[in-house]
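Worksheet: one structure, shown below.
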2 protein chains.
Amino acid sequence: MNQVTGAPGTSRPGGRTARVREAVLRAAGDALVDKGIGGVDLAEVARRAEVGKTTVYRRWGTVPGLVADMLAEMAESSLPRARTGALDTDLAALAGLILKTLADARQGPLFRAIIAAAASDAQTAAALHRFYRVRIEEWAPCVNEAVARGDVPEGTDAAEVVRALSAPLYYRFLVSGDPLDAGVAERAAVAASAAARAGVYA
Amino acid sequence: MNQVTGAPGTSRPGGRTARVREAVLRAAGDALVDKGIGGVDLAEVARRAEVGKTTVYRRWGTVPGLVADMLAEMAESSLPRARTGALDTDLAALAGLILKTLADARQGPLFRAIIAAAASDAQTAAALHRFYRVRIEEWAPCVNEAVARGDVPEGTDAAEVVRALSAPLYYRFLVSGDPLDAGVAERAAVAASAAARAGVYA
DNA sequence: TTCATAACGGGACTCCAGTTGCGTTAGGCG
DNA sequence: CGCCTAACGCAACTGGAGTCCCGTTATGAA
């Protein structure tokens, strides 16, 4: 798949092609939200999008291929990081943002489905990892500024602090099933801050 | 599914029935390890297990149903917690155990597939959450003993400390794709300990 | 050992996801 | 504006997952 010259949609990306892509990605999102990856196939996505089934198979080929394209789309709408001037409030803002995303009625199930898709397909996994690398790098400066202020030890791995903050939320969301609420988000932020100040990530 | 009276395998659980169950669960594990949930169906499991396809459909019905049964099986082989006499070494032992499991050539992909299955099926999700609730409760006493020793503030939520320790490993494993190594496990343990001592989970 | 029946297994059948071939529509260039 | 062809869509086809019927095996109790 994806010939060296001319994957469908690359040579005439405008007009109808763009409309079809938009309709298919939206339909795929809808399907993932209310059935999860397990219950989705390209034929159904084509029906939902009111698009020829052949088109979906030709352009995306497989469900993971489609999910990878969705991720590329989502990667572009990355929210800017907080700039509150203090580490704790910056981290609290990030924790709140992640909480809001995972608890959202559409975004939550969508992320769950995408992460699950990445579990059985290398292409999707690569796209997912790129997505989070970008997000982590977007927020890392919060920690570096704290280092510059002297609030956190020199040499602290900023990305690692961001991961430490994100992890408890995703753990509950994907693994343990424990509830996700504002208290959990706050504790995640405070814990990451405490560990960073203690020099755990230096 | 699972009628009030007489799900298959409940009334005559011995002999052939037990052999079939063992063969099917092993085959299902093999299939999940090398294809992930996305690529597994009951017909293939039946072929791998050298068992009648009808049997697999009748007893388990769906892939998530089969996965839920695997989890019930796995829940019984829960390793006992460490008792080193100090919080940091106990937590380090747990982090090492999780790392070993996730990094294992068979267990790792298996857990990945099971967690992914839970993402699109409520029954599997419930089984997964039970599995981790038991594991967390098994290790929580490490923290309670530390509280009793006076190493950690009174009122600390032991389960929350265990989750905080586990989370960074699972986050890398499932979400960010960053490498999993002994250093990460150690940092996870130290960070959880530092946050607990700082009273974040009290 | 015998018996009732729980559980398994073979094979035919259905249904639909995924493929293929070919005609139709409409971007983008001159 | 008109041509070339990329990209779409319809319809027919295929293969295999999941279902059903019914005969066979062998468990567990008497």
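So that the names make sense, note that chain A is the first sequence line, chain B the second, and so on, each numbered from 1.
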How many whole angstroms separate atom CD of B:Glu44 from atom P of D:dA17? 8 Å
Under-4.0 Å side-chain N/O to phosphate OP1/OP2 contact, A:Arg58 with C:dT19: no
Cation-pi, B:Tyr171 ring and A:Arg163 (6.0 angstrom, 45 degrees): no
Return the nearest nucleotide to the side chain of A:Arg19; candidates are C:dG9, C:dG27, D:dG9. C:dG27
Find the distance B:Arg59:CZ to C:dA7:P and express it as a whole number of Å. 8 Å
Return yes when atom CD of B:Glu138 has more than 12 non-hydrogen atoms of other residues, nucleotides or ligands closer than 6.0 Å, and no otherwise. yes
Closest to the A:Val20 side chain, choosing from C:dA7, C:dG10, D:dC8: D:dC8
Interatomic distance, A:Leu42 CG vs D:dG9 P [rounded to whole Å]: 15 Å
Using a strict 4.0 Å threshold on nitrogen-to-oxygen distance, state whether B:Asp30 and B:Arg106 make a salt bridge. yes
Rounded interatomic separation in angstrom, taking CZ from B:Arg16 and P from C:dA6: 13 Å
A:Trp60 CH2 - C:dT19 C1' separation (whole Å): 18 Å
Looking at C:dG18, I'd like to know if its phosphate oxygens (OP1 or OP2) sit under 4.0 Å from a side-chain N or O belonging to A:Tyr57. yes
Does A:Thr55 put a side-chain nitrogen or oxygen below 4.0 Å from OP1 or OP2 of D:dG9? yes
Is it the case that D:dC8 (base atoms only) and A:Thr17 (side chain only) share a donor and an acceptor within less than 3.5 Å, ignoring hydrogens and angles? no
Could you state the atom-to-atom distance from NZ of B:Lys53 to C1' of D:dC22 in whole Å? 16 Å
If each of A:Gly61 and B:Thr54 is mapped to the nucleotide of DNA chain C with the nearest heavy atom, which maps nearer the 5' terminus, i.e. the 5' end? B:Thr54
Over 12 non-hydrogen atoms of neighbours within 6.0 angstrom of CD in B:Glu186: no
In whole angstroms, how far is the P atom of D:dG16 from the CG atom of A:Asp41? 18 Å
So, do B:Tyr201 and B:Val143 sit near enough that their side-chain heavy atoms are less than 4.5 Å apart? no
Measure the distance from CZ on A:Arg48 to P on C:dA17 and round it to the nearest whole Å. 13 Å
Is there a side-chain polar atom (N or O) of A:Arg47 under 4.0 Å from OP1 or OP2 of C:dA17? yes
